Amino acid sequence: MQEGKILGYKTINRDLLRGLFENPVKYWAIVMFLGLVVFIAVFAAGFMVNRGIGVTGLNRPVFWGFFITNFVFWIGISHAGVMLSAILRLSKAEWRRPATRAAEVLTIFSLMTAVLMPFIHTGRPWRLMYWVFPYDFSRGIWPDIRSPLVWDPSAVNTYLLSSILFVFIALVPDLAVVRDRSSGIRRIAYSVLSLGWRGTPRQWKLQAIAGILLSALILPVFVSVHSIVSWDFGMAVSVNSWHSTIFAPYFVIGAVHSGVSGVVTVMIFMRWLFGWEDYVRREHIDALGRLLIVIAVAWFYFFAMEFLFGIYGQEGDELATRSLQMFSAPWGWLFLAFIITSFFFPVPLWLFRNVRRSFLWMTITTISVNIGMWLERFIIIVPGLARKQVFTQSWYTYAPSPIEIMIIIGTFAMVLMLFLLFAKIFPLIPLFDIKEGQILTDEIKVGRRKVPAVIRED
Amino acid sequence: MKLSRRDFLRLASFSTLGAVACNFFDEREFVSQSPVQLPEDLVTGRDNWYATLSRQCIETEGIVVRVMEGRAKKVQGNPQYPTNLGGHSLRSEAGLQALYHPERIAGPLLRQGPRGTGRYAPISWNEALDHLRGHLQAQADRSRVLTVTGPLRGSMAHLVGSFADAYGARHVAFQPMEDAAYDHVMKDVLGQQTAPTFDFKNANYVLSFGADFLGTWKAPVQFSKGYGEFRQGLGRQRRGTLVQVDPWFSLTAANADTWVPIDPGKEGILALSIAHVIISEGLVPQERINQLTGGQGASALNAYAPEIIAQSLGVPPLHGSEPHEVIREMARDFAHNSPRSIAIGGANPAAHTNGAFNLSAIFALNFLVGSVGAEGGVVFNPPAPVPELAKTVPAASTGDWHRTVADISNGRTGVVLFRGVNPVNDLPADIGLRQTLNRDDIFVASFSSFLDETTEMADLVLPERAPMEDWGDDVPSPGPGFEVIGMQQPVVNPLPGMNPMGFADVLLQLSREMGLDGATPLNMPTYHHLLQDQARKIHALNRGSVQDADFNSFWNALLQQGGWWDRDATADASPSMPNIAEIASRDNELKIAGPTGGNTFNLIPFQTVSLADGSGANLPWLQSSSDPLTTVAWTTWVEISSLVADAIGLREGDFVRVEGANGRSFVAQIYHHPAVPPNVVGIPVGQGHTASLRYSKGRGENPLHIIGLPLEEETQSLAWAGTRVRIVPTGENSPIPKFEGIVPAFVPNQEEAIVKITRG
Amino acid sequence: MAENRKWAMVIDLDRCTGCQACVVACQAENNIPVNEEKDFLSRRAKQWIRIDRVWEGTWPNVKARFIPVLCQHCENAPCEPVCPVYATYHNSQGLNVQVYNRCVGTRYCANNCPYQVRFFNFHDPEWPGTLHNQLNPDVTIRSRGIMEKCTFCVQRIRRAERTIEGRDGEKVNDQSLKAGNFMPACVNACPTDTLTFGDINDPNSDVSRRARDPRHYKLLEHIGTSPSVIYLKKVDPNAPKEEAH
Ligand SMILES: Nc1nc2c(c(=O)[nH]1)N[C@H]1C(S)=C(S)[C@@H](COP(=O)(O)OP(=O)(O)OC[C@H]3O[C@@H](n4cnc5c(=O)[nH]c(N)nc54)[C@H](O)[C@@H]3O)O[C@H]1N2
Ligand code: SF4
Ligand code: SF4
Ligand code: SF4
Ligand code: SF4
Ligand code: SF4
């Protein structure tokens with residue numbers, strides 16, 4: 001069932017490539033503004049590297065704070081891409097089409113942003129080569145592969161590389177379309193990038209197989225990334241409320257929750273910015289809204305279980321952490337805000353068709369989810385450290401410094417800015433996918449029956 | 001799956017090969033250990049440990065200093081030195097920072113601007129000494145010269161005394177929170193000229209009245225050494241019991257098995273009450289009782305029966321026992337452990353208008369249980385074996401200081417020399433030394449290494465050598481119960497650019513130049529020679545820890561060991577017997593000064609283990625050591641009972657105005673203290689410096705300035721614990737600098753308690 | 001490598017008075033920068049050995065307990081496997097060592113140390129003016145961005161091995177360490193002899209003897225860290241009940 005107009009190929013090309021060939025003032029104003037915010041954040045980060053981690057609000061025992069929270073958050077957002085593209089592609093969900101590339105690109109940029117976080121948060125970022133590149137062969141000094149901080153870069157880099165490949169494979173036919181419409185240096189660049197795409201049946205077949213194969217291969221990576229990120233905490237035997245066996249699936253589903261919400265927000269934003277009313281349609285956000293209900297409920301189940309397991313043992317120090325999380329200021333308020341914004345506010349609303357089909361309401365609810373999910377990570381990470389074990393004299397709290405806040409805001413601006421710049425260079429909605437989607441809905445009358453016009457991907 | 005024989009053989013051989021290959025690996029390959037060892041980034045230089053004395057507190061400690069390439073690196077206790085036996089306090093460690101402090105004065109300075117503005121010009125030592133000599137020789141009446149030092153012992157006491165006598169000057173010793181009442185009672189009740197020590201090591205029961213002997217009272221390191229053994233010494237019959245009677249939760253109270261809170265100034269009454277129980281219950285032999293009460297027995301003390309006076313002492317019910325039961329139990333335990341039971345008193349009980357009465361009553365208890373001179377009891381110290389070393393100059397009482405300052409303001413003093421003390425800051429403000437010194441007709445010289453408050457008032461600054469750069473000796477007080485002479489030697493030379501001169505050497509040079517060098521010690525060329533001269537007398541004794549036919553070898557061994565001692569040379573215990581009946585009949589009325597009414601509290605000024613009396617407040621290690629109980633550092637705080645603070649709505653870190661007895665007041669932050677009794681506030685001394693020294697200037701306040709001048713009635717020592725203050729909230733709050741974090745109301749459950757407790 | 005030594009410490013809580021001498025001794029020996037007021041306010045003060053004060057009860061039956069806490073040199077140290085660069089590892093003498101040059105400052109080890117004894121250099125250390133003359137040449141000064149903690153005064157152990165074993169027929173043991181001032185600085189300073197250091201593999205050492213005291217326990221044993229620091233319980237005859245071990 002498809003709603004909306006049946007558009008000609010020409011219109012599709014014109015509409016979806018408008019971003020590449022036109023320069024609306026609105027667009028550049030936004031990019032400039034984001035650029036400024038990013039610049040401030042880069043300055044703040046430079047200041048921090050220059051002066052030392054002392055410019056943050058970190059302390060003993062809260063050695064990790066906003067940066068690691070933000071790291072986990074962006075890793076979470078990055079799960080949208082694969083979730084939408086791979087799973088939905090494999091499960092042949094039709095409504096995915098306009099969302100896939102936006103989601104994949106969001107994956108790439110949020111991953112890139114995420115890896116920045118642990119990098120700048122270290123005491124001596126310039127020494128990190130020890131860690132990522134075991135170059136110090138001569139004395140046999142290698143990274144310690146027992147450390148989750150070695151697993152992290154492996155998993156994240158694998159995910160980043162495969163996501164880039166994934167986006168690129170899908171991009172090739174569209175690049176050829178752009179190539180055909182551009183001139184001069186741009187044409188040369190696009191020619192190289194489109195790898196001599198001519199649209200022959202063999203090329204289409206190879207492209208389709210590559211897409212499906214990558215979809216299948218990337219899924220385990222997708223699950224592993226956030227599992228491994230969760231082990232940064234799960235492996236820490238000493239921190240109550242971190243050391244939890246349920247963390248891996250709990251984090252993965254949480255990531256999907258925030259990631260898919262993020263994609264919805266971004267899609268509606270693009271629709272507004274580029275005037276894609278015909279491509280991002282109510283039926284799409286309706287379908288994503290239904291998906292979100294399922295994800296959110298699953299996530300909530302894991303959340304509730306994690307909490308239950310935590311308090312079930314009735315260990316004093318574990319209870320101290322949990323009571324801090326829930327009942328003492330400011331954590332209690334943050335906890336309330338988190339649970340409302342991530343679940344009790346959006347999910348009941350999504351049950352209403354009118355909400356799911358309202359662009360305004362979907363924007364509000366999905367942003368709300370991500371506010372909640374950011375807080376969730378914060379509430380997991382900091383109170384656990386603040387109430388570590390029974391050394392009550394070392395218990396403390398944490399408040400971010402302006403430097404940390406600037407950098408965190410900067411990461412949001414950076415992801416959005418990169419996203420917009422990408423839209424300037426590459427078509428954000430896959431042309432071929434939309435066309436293919438239309439073909440799939442084209443019907444031919446055979447006798448009295450209507451049959452699909454082409455055979456499906458498989 | 002079907003496995004052919006060929007496949008099976010192939011698999012089997014592979015596994016065998018694998019197993020063999022694995023065995024070739026060093027087993028360490030499988031140990032989770034990094035292949036790198038710790039970088040052995042050791043410096044190859046040689047280090048030496050030199051024995052000397054630490055001069056950071058009144059209790060000198062025998063220390064060894066690690067010296068490497070001409071720089072002192074580390075202070076450690078001298079394990080052989082008989083008082084501190086290798087232990088040391090955190091204060092002696094900071095001697096290194098006094099040595100290498102960036103604000104040490106490099107050489108002599110002459111005042112340029114108006115007095116007190118701190119403008120000085122550097123001059124040479126010759127000029128400086130000419131200047132000083134000029135002023136000394138200009139005095140027609142030589143008693144117009146006043147020499148002010150800290151309490152002195154050993155050769156320094158001998159030298160300064162001889163100089164003052166030869167010249168005709170007056171010599172007064174100053175010590176913040178001086179203890180004239182204690183010295184008086186040692187003479188009066190115990191009949192001792194030298195301070196006694198206490199054999200904690202062998203004691204079974206210690207009853208301490210206010211004496212924070214594990215923190216800052218008298219010789220805390222010497223006492224702590226005994227305390228460790230008192231608790232868990234090898235081969236002890238049983239663990240010693242410590243009961244602390246204290247109006248405030250001192251470090252010693254924190255370590256006591258039982259802490260008995262009491263109203264300030266009532267300690268002596270409680271001691272007599274204990275005496276009453278012991279006597280009336282006949283817990284000690286009757287003839288001793290008769291001896292000590294002049295034959296009156298319990299009747300002399302009837303007014304002090306626990307049932308009669310317990311309610312008036314402010315002792316709360318403890319562990320379910322009523323106050324009079326608590327007192328009875330203390331008395332019985334004290335007597336049953338005789339003679340291995342000690343009663344000591346100091347600090348708070350001494351610092352009241354009835355301080356001498358309190359201490360007399362407390363120390364008399366030792367006679368009652370026969371622990372005076374016994375093992376595990378009160379141990380007397382013999383005087384130094386060489387008469388010249390036996391001289392001491394104890395600190396003058398605050399009453400004396402009042403008169404001395406009056407003498408200055410009456411114009412009866414023309415020259416004041418300050419050495420090693422900072423009375424401008426440390427004397428109660430009501431005495432007004434700062435204003436008194438601020439006049440043109442006197443000449444003030446200071447021998448301090450730092451531009452402290454007193455030195456800022458000086459016309460001439462003659463910076464002394466740091467203790468680690470100078471010679472010296474000491475007869476520890478209290479000693480360990482036998483003859484000890486500690487030796488201090490220079491362990492390093494002053495840094496390049498630093499040009500200090502030893503105080504003793506200045507005096508010797510002045511004596512020579514003014515023709516006072518008729519006899520020893522003033523005829524010695526240097527202090528080093530003087531000390532060697534003294535050492536010859538010790539050498540001649542031919543006994544003790546260092547003996548050698550050859551004097552040079554003897555001298556070297558003396559320095560190497562850090563001193564000389566003779567464990568067999570103990571004091572003959574022939575004390576006078578106090579009369580408890582007489583003590584009981586004394587007027588013990590307590591006068592508490594200061595405001596009364598709402599939100600007023602008894603002020604307990606106290607010394608912390610780091611800053612103590614504040615003489616080292618400019619040393620960063622001392623400022624930055626957190627107080628053991630509150631963990632606060634770098635500031636002055638007001639310890640207030642958390643029950644009271646909650647009731648009047650004060651949060652931790654709230655600024656309150658502390659209004660004193662003399663109309664003065666200051667603002668400080670409060671600390672919610674779960675153990676301070678509701679009727680007192682504790683405020684540490686040691687801060688409140690105004691001189692422009694980077695680590696101490698403008699930090700905190702000195703509570704001794706707001707108490708007025710209450711004096712102990714017999715000895716005129718400062719009754720610093722005898723005033724009330726009013727606490728007025730200011731409405732401001734900020735975090736208090738402390739080491740502990742947010743200690744929550746939530747109490748972790750007992751199985752996970754980090755400090756595990758057992759009953760025996 | 002020399003004999004099969006395993007360094008350990010016994011801390012007798014019944015002796016400790018909380019006097020802080022050990023804290024400053026460690027500060028002086030190990031070139032720990034001065035903890036300034038702002039370090040206390042931002043909770044970044046460094047005390048490799050700290051005296052935790054635990055309140056018990058309510059006034060007037062209130063107690064303050066003191067416990068010196070330093071790196072427990074866990075045999076199964078949670079701080080070690082999380083370090084991505086092997087900057088903290090176990091050496092063959094039972095020490096948990098910190099290699100400052102390798103540390104990149106992730107602070108993961110500090111999160112995973114249950115005893116909270118790891119300290120991070122949030123800023124570069126400073127010794128104004130001539131104060132640096134006191135610095136111990138045997139101990140590296142840590143720049144910002146580096147984790148640090150108690151080393152059991154490894155520099156003294158190394159110096160002892162070189163000095164003592166350089167002489168003929170002498171061995172590194174309790175006696176020779178004590179005689180040569182090679183005991184850890186905190187142990188040397190303690191005026192109540194609360195701290196005992198030595199080779200726990202030598203059954204005759206002081207530390208082995210004291211570790212056999214029936215009052216012995218280890219901190220947070222349930223986490224499975226197996227610390228090398230052994231505590232002897234505080235004795236309090238007035239304690240409400242005998243505590244389950
Ligand atoms: N040596 C050995 N190994 C085994 C087995 C064996 O019998 N012996 N059995 C095998 C079997 S059958 C199983 S099922 C697995 C089990 O393996 P695990 O699932 O690892 O089981 P546990 O060690 O019991 O628990 C894991 C951790 O969960 C923490 N925990 C406890 N309660 C909670 C909670 O409420 N919330 C959170 N977040 N954490 C909690 C505990 O502190 C514990 O450290 O082990 C397998 N491995
Ligand atoms: S106490 Fe902490 S730092 Fe020391 S070895 Fe154990 S886990 Fe590591
Ligand atoms: S802070 Fe240093 S020692 Fe600790 S885990 Fe990170 S790199 Fe390793
Ligand atoms: S000494 Fe220098 S080169 Fe050698 S390991 Fe250390 S940092 Fe690296
Ligand atoms: S053993 Fe050494 S490094 Fe460790 S706390 Fe003691 S003095 Fe500090
Ligand atoms: S020096 Fe000894 S008594 Fe003092 S706090 Fe340290 S361990 Fe306790």
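Being a predicted model, the structure only gives us computed values, none of them experimental. Here is the naming used below: chain letters follow the sequence lines, and residue numbers restart at 1 for every chain.
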Min side-chain heavy-atom separation C/P137-B/R71 under 4.5 Å
no
Between B/G86, B/G87, B/S89, B/G228, who has the most heavy-atom pairs with chain C when the cutoff is under 4.5 Å?
B/G228
Look up atom OG1 in C/T194 and atom CZ in B/R231, then write down how far apart they are to the nearest 0.5 Å.
11.5 Å
If every non-hydrogen atom of B/A675 is compared with every non-hydrogen atom of C/V62, which pair is closest and at what distance?
CB-CG1, 3.4 Å
Counting distance only, does the side-chain N/O of C/R53 pair as donor-acceptor with the main-chain N or O of B/L629 below 3.5 Å?
yes
Heavy-atom closest pair (B/D257 atom, C/P237 atom, distance to 0.1 Å) is OD1-CD, 3.5 Å
For C/V23, is it the side chain, the backbone, both, or neither that has a heavy atom closer than 4.5 Å to a heavy atom of chain B?
neither
With C/D138, which of B/K73, B/R66, B/K74 fulfils side-chain hydrogen bond (donor to acceptor under 3.5 Å, both in side chains)?
B/R66
Look at the side chain of C/T192 and the backbone N and O of B/S224, then say whether any donor-acceptor pair between them is shorter than 3.5 Å.
no
Value for NZ (B/K756) from CD1 (C/I67), rounded to nearest 0.5 Å, stands at 9.5 Å
For side-chain contact (heavy atoms from CB on, under 4.5 Å), just list the numbers for C/W59 and B/H673, CA-CA rounded to whole Å, side-chain angles, deciding distance to a tenth of an Å, and then say yes or no.
CA-CA 10 Å; C/W59 194 84; B/H673 202 298; over 6 Å; no
If one checks every heavy atom of C/D52 against chain B at 4.5 Å, the contacting part turns out to be side chain
Okay, B/R91 and chain C: the region with an atom under 4.5 Å from a heavy atom over there is neither
Pair B/Q232, C/D12: side-chain N/O donor-acceptor within cut-off below 3.5 Å
no
Heavy-atom contact with chain C under 4.5 Å, split by part of B/Q97:
both
Less than 4.5 Å to any heavy atom of chain B: does that hold for the side chain of C/R210, its backbone, both, or neither?
neither
Are there over 12 heavy-atom neighbours, none belonging to B/K201, within less than 6.0 Å of that residue's NZ?
no
Which atoms of B/P317 come close to chain C, meaning under 4.5 Å heavy atom to heavy atom: side chain ones, backbone ones, both, or neither?
backbone
Let me know which of C/R162, C/R156, C/R159 forms a salt bridge (Lys or Arg N to Asp or Glu O under 4.0 Å) with B/D47.
C/R159
Let's test your reading of the structure: which of C/A64, C/G18, C/A45, C/A25 forms the most heavy-atom pairs below 4.5 Å with chain B?
C/A25
If you compare all heavy atoms of B/W621 against all heavy atoms of C/A28, which two are closest, and at what distance to 0.1 Å?
CH2-CB, 3.4 Å
Engaged part of C/L135 at the chain B interface, taking heavy atoms whose separation is under 4.5 Å
backbone
Taking C-beta and beyond as the side chain, do B/V755 and C/K63 meet within less than 4.5 Å on heavy atoms?
no
Looking at CG of B/L251 and CD of C/Q20, how far apart are the two atoms once the value is rounded to the nearest 0.5 Å?
9.0 Å
Verify whether one side chain among C/Q47 and B/S626 offers a donor that lies under 3.5 Å from an acceptor in the other.
yes
Most contact-rich option vs chain B, by heavy-atom pairs under 4.5 angstrom, among C/G129, C/A21, C/C16, is C/A21
Let me know if B/F230 has heavy atoms under 4.5 Å from chain C in its side chain, its backbone, both or neither.
neither
Side-chain donor/acceptor of C/R215 to backbone N/O of B/T758, under 3.5 Å
no
When the ring planes of C/F40 and B/F739 are compared, do they come out parallel, tilted or perpendicular, using 30° and 60° as the limits?
perpendicular
Pairs of heavy atoms under 4.5 Å with chain C: top-ranked of B/A254, B/G215, B/A253:
B/A254
At a heavy-atom separation under 4.5 Å, does B/P620 approach chain C through its side chain, its backbone, both, or neither?
both
Identify which part of B/V676 has an atom lying under 4.5 Å from any heavy atom of chain C, answering side chain, backbone, both or neither.
backbone
Can you tell me which of B/Q623, B/Q222, B/H319 forms the most heavy-atom pairs within a distance under 4.5 Å of chain C?
B/H319
For B/R699, is it the side chain, the backbone, both or neither that has a heavy atom under 4.5 Å from a heavy atom of chain C?
side chain
Contact leader toward chain B among C/D236, C/D14, C/N136, where contacts are heavy-atom pairs under 4.5 Å
C/D14
With rounding to the nearest 0.5 angstrom, report the CG to CD1 distance, C/N238 to B/I757.
11.0 Å
Which atoms of C/R44 come close to chain B, meaning under 4.5 Å heavy atom to heavy atom: side chain ones, backbone ones, both, or neither?
neither
Which heavy atom of C/E37 sits nearest to which heavy atom of B/W634, and what is that distance?
N-NE1, 3.3 Å
When B/L90, B/V75, B/V609 are each screened for side-chain contact (heavy atoms from CB on, under 4.5 Å) with C/V24, the one that passes is B/L90
Measure across C/Q134 and B/L96 and return the closest heavy-atom pair with its distance rounded to 0.1 Å.
CG-CD1, 3.7 Å
Out of B/S642, B/P678, B/A94, which one racks up the most heavy-atom pairs below 4.5 Å with chain C?
B/P678
Between the OG1 atom in C/T58 and the CG atom in B/L643, the distance rounded to the nearest 0.5 Å is 7.5 Å
In Å and rounded to the nearest 0.5 Å, what is the OG to CG distance from B/S734 to C/L41?
7.5 Å
Write down the atom of C/L131, the atom of B/Y695, and the distance for their closest heavy-atom approach.
CD1-OH, 4.0 Å
